[in-house]
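Working notes for the structure below.
Predicted, not measured: the structure shown is a model, and the values here were computed from it. Convention: sequence-line order gives letters A, B, ...; per-chain numbering from 1.
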Amino acid sequence: MSPSVDYHCHCLASNSAPPPPHLPSSSYSFHPLHELFFCEECDAVRCNRCVSVEVSGYYCPNCLFEVPSASVRAEKNRCARNCFMCPNCRNTLSVVPSDPPDMDDGRSPSAAVSAVGEPPFFLYCNHCRWDSAEVDITFEKPTGLAAQLQKYEDSAPDSLEFERLKEHFEPFLRASSSSALAGPPPTAHSHHPHVNPITAAASSALARDIPGVGKYTPHPRGRRDKGPRDDMVEYRSRVEVGGSSTMGEADVEFMRHIEEVSEVAALEQRWANSWATSLHTSDLKPLRIPLHSKKSKRCPTCRHILIKPEQKAQSVRYKIKLVAANYLPSIKVALPQPMDLVRRGAQAARPPGGEGNSGANGLHAGDTYPFTLSLTNPLYDPIQVRLSVQRQIPPASTTVASDAAPVEKSRRPPFAVSLPSSAFPIAAFAEAWEYEDDEDMFGVDDDEFGFEAREKEGKAKNKTVGVLEKRANVTVVGGEVVIGKDAKGEVKFNMLVSYTYRSDDPLPEDDVRGTPSRTKAPEMKTFSFYTVVNLGSIVPRQETKMDTDP
Amino acid sequence: MDTPIYYAKTEFIETDTGNKVSRRATIAGPQNIILGGKTIISNGAIIRGDLKRTGPGHAVVISLGRYCLVGEGCVMRPPYKTYRGNFNYYPMKIGDHVHIGANTVVEAATIGNHVVIGKNCVIGKFTIIKDCARIADNTIVPPNTVIPALALFSGSPGRFVEDLPESTQEIVEAHTKHYYTRFQPIER
Ligand SMILES: [Zn+2]
Ligand SMILES: [Zn+2]
Ligand SMILES: [Zn+2]
Ligand SMILES: [Zn+2]
C-alpha cells in the first residue's frame, strides 16, 4: 500500500472530531476526497453514508433500456425485454434456436444468430454452457420471453402468498395513511418526513409484538393505539406450512446422498431470486436481470441537491454536482525516493533486497523519515493553509489487541510527527495550469512566484520540515516522522487542515466553483477539516535482525 | 511533479500527434489503425489491424482515441462472427482516456471514454463498455457482455460490483494525462 490521505466526514455526529486513527471505526469515517460531496448551504462535507438518496431513473444494465417508473413495479424491478441471467454463473444468457447455424468456432453462438433458426428456442450461457433446456424451459418464439418467464415467477406459491398478504393489508394501509395525513399534529410530522404508512404499520406491529421496540413510532402513543389495526380480521395463509410439509425431509434426504458439492445450489446462486428456491442446482431457473438506477443525492440536513444526474441512463454528465474536490485542497503524500535514504544512512538498517520500493514497503522502527505533502488549491483565489497533528487521545481501553505490552508503553505514541507550524500560501487555480497540451508546464511562469520558487533548491537540502516547493496552484511541504525503537503497526495520524479564503457574495446556483474577483472589500473565511495520513506500516526491530543475521 | 516513467528513447517511435509506439510492439496492418494522439502502445503489445472485413481497399479496423494506453503484452484483436453463412471481422472502436493493463486481451466492439481496464483481463468478442466503466484486474468478460456507464466489473465471469463515484471522469482524465506527462524518454 502506498501512502494515502483520506478525508473525514462526521456524518452529522454531534462531535465533529474524527476517531483516533487506530480504531476500526476510523476507516468508516474517512474517504478519498473524490468520493465526497460538499453542501454550500451548510458549508460542510457530506459522504455517501450520510446523503439521502433518491432514484431518478431506472434502466436495464444489459439492454440499457430506460424503464419508466410506472412499469418498474408491475415488472417486479427486473428487465421485461429479452435480458436474462445465467442461474449458474450470472453471465448474460443468449437466445439460441434448436439448430444452431455455424457457431463461429464452435464455441459461442452470438446474439445476432438468435433471430434465425428453428424452434424451440432456449437460453444459453456462453460462459459456463448452462442452457434452459436442462430445466425444461424452451420457447416457441424468440421474442417476449420475459413475459413468459414472469408468468412462471408470478405463479410461484411464495409470490401468490405475498400478493394475498398485500391484498389483506391494503385496507388497513389506506386507512392509516389517510388518518396519518389528517390526524397527527404538524410538528410530529415534520420531524419524520420519511415515515410512510408501511413503515408506520411495521413499526407499530413491532411495538405490539416485541416489548420495548416501540420507540421509533413518531406519533404520540395514545393516539395511535386506537388505530384501525385492532379491527383487522385474522389472515389465513393459502398453504399451511409446517404440519404436513415433507419439504424439509426431502432436503435432508437429498443432502444425505449428494456425491458432489456442485449438486447443491450455492447461496450466491439462490439469493438472486425473489423467492426461496430449491437446493438442487438442477432446478435453477434463468433470471430476469434486475434493473439498475440512477440516483440523485441530497444534503441530509438542509435537503439541498448535491448530485443530480442527466436523465439519459448512459450519460455520465450531471445537472448538479457539488463535489468536495472543488472546494477543499487535495493532498497527496509521498515518502522520498530510496536514494535520499541512502544519503541519510538509513540503508544500513535495511534488510537485503528490501530497497527499491523505499518507505512504501515498510518504515523501520527506530528510524526517522521525511515525507512530503503536496497540496493543490481548486479555488480561483489564493488560500492560506495551516496544518496540525490532532492531539493523540490516549487509547485508554482500546489498545491494539495483539499488543501485550504494559499499559504505559502502549499509551506512549509509537511515533512522533513534525509538520510545518506556520501557515503557508497556495496560489489560485487557473485554467491555463491544467495539463492540457503543455508538457513544458514545469518551469514556466516563474514571474509570479519566482521569488519563493528559486528558494526551493537551497531549502530542500538542509531542511525537511517546512515549505519545499511552490508552483502553479500546488505547494509542497515537508514533514518528518520519528519512529520509536519498539514501535509496531501503522504510521497513521489524524491531521487537521485549516484554510483561509476570500469569501465573495453568494454565488448564483449554477456557478459551481467560479469565484470571480469583486471590487468589494473581501471577507476572509476559514474552513477546517480532518484528514487521516497513512505513511505505511512499521517493520519491527526483531524482524529486521532475523532478515539480516543468517 | 512526481516520478517520471522512463523509457529508452530509441525504443519508441513518437508520431507528430504525440503517439508513442514501441518498436517492440507488433502493429499488423498499420494502415487500418487510427491512434488519436498522445496514445502509448507499450512493449510486446499486438494490434491486429490486418484482420479486416473482406473486400477491397482500406477500412478502419481498430481506432483508439487520445491519451490511451495499451499495456505491455496486450492483444487487441477485432471481433468476428459468422452471420448468415459469411465469416467476417468487425471494427473495434475505443474512445479517449482509455487505459488497458498489461497482458489483457481485448476483442470488444466498442469501449467508451474514460474507461480503465486492469491487467490480465479477457474482454470477450463484441463486448460493449460504456463511459467511465472500470474492469478490475484478472476479470473475464464473456462475449457480448454490455457494461453500463460508471460500473465496476470484476470476476469470472465479470459481474457488476458497484457504481463508481460521480467524479470518475475527472479522476480518470487527470490520471491518463498525468501518465502521459510522466512517460519520458532518456538517451541511453
Ligand atoms: Zn458522511
Ligand atoms: Zn434488458
Ligand atoms: Zn453460466
Ligand atoms: Zn446542507
Side-chain angles (χ1 to χ4, degrees), chain A residues 32-37 48 59-64 83 86 89-92 94 101-105 107-108 110-113 116 125-128 292 294-295 297 306-307 309 313-318 321 323-326 332 334 337 374 434-439 441-442 469 471 474 476, chain B residues 1-3 18 37-38 66-67 79-87 90 112-114 124-126 128 130-133 140-151 153 155-160 162-174 176-184:
Chain A
L33 175 61
H34 68 260
E35 289 180 7
L36 293 173
F37 313 105
N48 271 317
Y59 65 93
C60 167
N62 184 57
C63 65
L64 306 180
C83 301
C86 173
C89 74
R90 294 212 267 153
N91 180 31
T92 305
S94 312
D102 314 304
M103 274 203 203
D104 310 12
D105 48 356
R107 272 186 307 168
S108 47
S110 48
V113 301
V116 292
C125 174
N126 57 22
H127 186 75
C128 73
H292 284 201
K294 294 198 90 167
K295 297 163 193 97
K297 296 176 180 175
L306 305 177
I307 293 289
Q314 295 306 301
S315 164
V316 293
R317 295 162 183 273
Y318 295 85
K321 181 160 110 178
V323 291
N326 288 342
K332 261 196 233 156
Q337 296 305 294
S374 10
E434 288 220 291
Y435 291 104
E436 194 68 63
D437 297 310
D438 54 351
E439 280 92 79
M441 64 167 277
F442 309 104
E469 190 182 342
R471 74 186 130 72
V474 181
V476 182
Chain B
M1 116 177 93
D2 310 288
T3 46
K38 305 202 171 184
R66 284 156 59 78
Y67 290 105
Y80 59 85
K81 71 180 167 199
T82 303
Y83 183 61
R84 298 191 190 275
N86 298 315
F87 176 90
Y90 292 78
N113 302 315
H114 304 99
K125 279 180 300 188
F126 296 104
I128 295 172
K130 306 300 274 188
D131 294 345
C132 298
I140 309 296
V141 177
N144 304 312
T145 303
V146 176
I147 298 182
L150 288 161
F153 264 56
S156 172
R159 298 166 188 158
F160 175 81
E162 62 177 9
D163 289 321
L164 293 166
E166 288 80 3
S167 48
T168 301
Q169 178 171 343
E170 291 85 342
I171 299 285
V172 172
E173 187 157 328
T176 57
K177 286 180 171 175
H178 190 202
Y179 188 91
Y180 184 82
T181 315
R182 287 165 68 203
F183 196 70
Q184 290 295 329

**Residue, of K130(B), E170(B), Q169(B), that accumulates the most heavy atom pairs under 4.5 Å with chain A** =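 When all of K130(B), E170(B), Q169(B) are compared, K130(B) has the most.
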
**Between L164(B), N113(B), V146(B), T145(B), the one whose heavy-atom pairs under 4.5 Å with chain A are most numerous** =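 Ranked by heavy-atom pairs under 4.5 Å with chain A, first place is V146(B).
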
At what distance, to the nearest 0.5 angstrom, does [atom1] of [X] lie from [atom2] of [Y]?
X       : Y       : atom1 : atom2 : value
N326(A) : S167(B) : CG    : OG    : 9.0 Å
L150(B) : S315(A) : CG    : OG    : 9.0 Å
H34(A)  : T168(B) : NE2   : OG1   : 6.5 Å

Close side-chain approach of [X] to [Y], heavy-atom, < 4.5 Å:
X       : Y       : answer
P148(B) : Q314(A) : yes
P61(A)  : F160(B) : no
V316(A) : E166(B) : no
N144(B) : N126(A) : yes
P143(B) : H127(A) : no

**Request:** Please confirm whether the backbone N or O of P165(B) pairs with a side-chain atom of E35(A), one donor and one acceptor, at under 3.5 Å?
**Result:**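 Checking the backbone N and O of P165(B) against the side chain of E35(A), no donor-acceptor pair under 3.5 Å is found.
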
**Message:** Quick check against the 3.5 Å criterion: does R90(A) have a side-chain atom that pairs as donor or acceptor with the backbone of G158(B)?
**Reply:**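 Answer holds: no.
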
**Message:** For chain B, which candidate among V476(A), T92(A), N62(A) shows the most heavy-atom pairs at distances under 4.5 Å?
**Reply:**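 Looking at each of V476(A), T92(A), N62(A) in turn, N62(A) comes out on top.
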
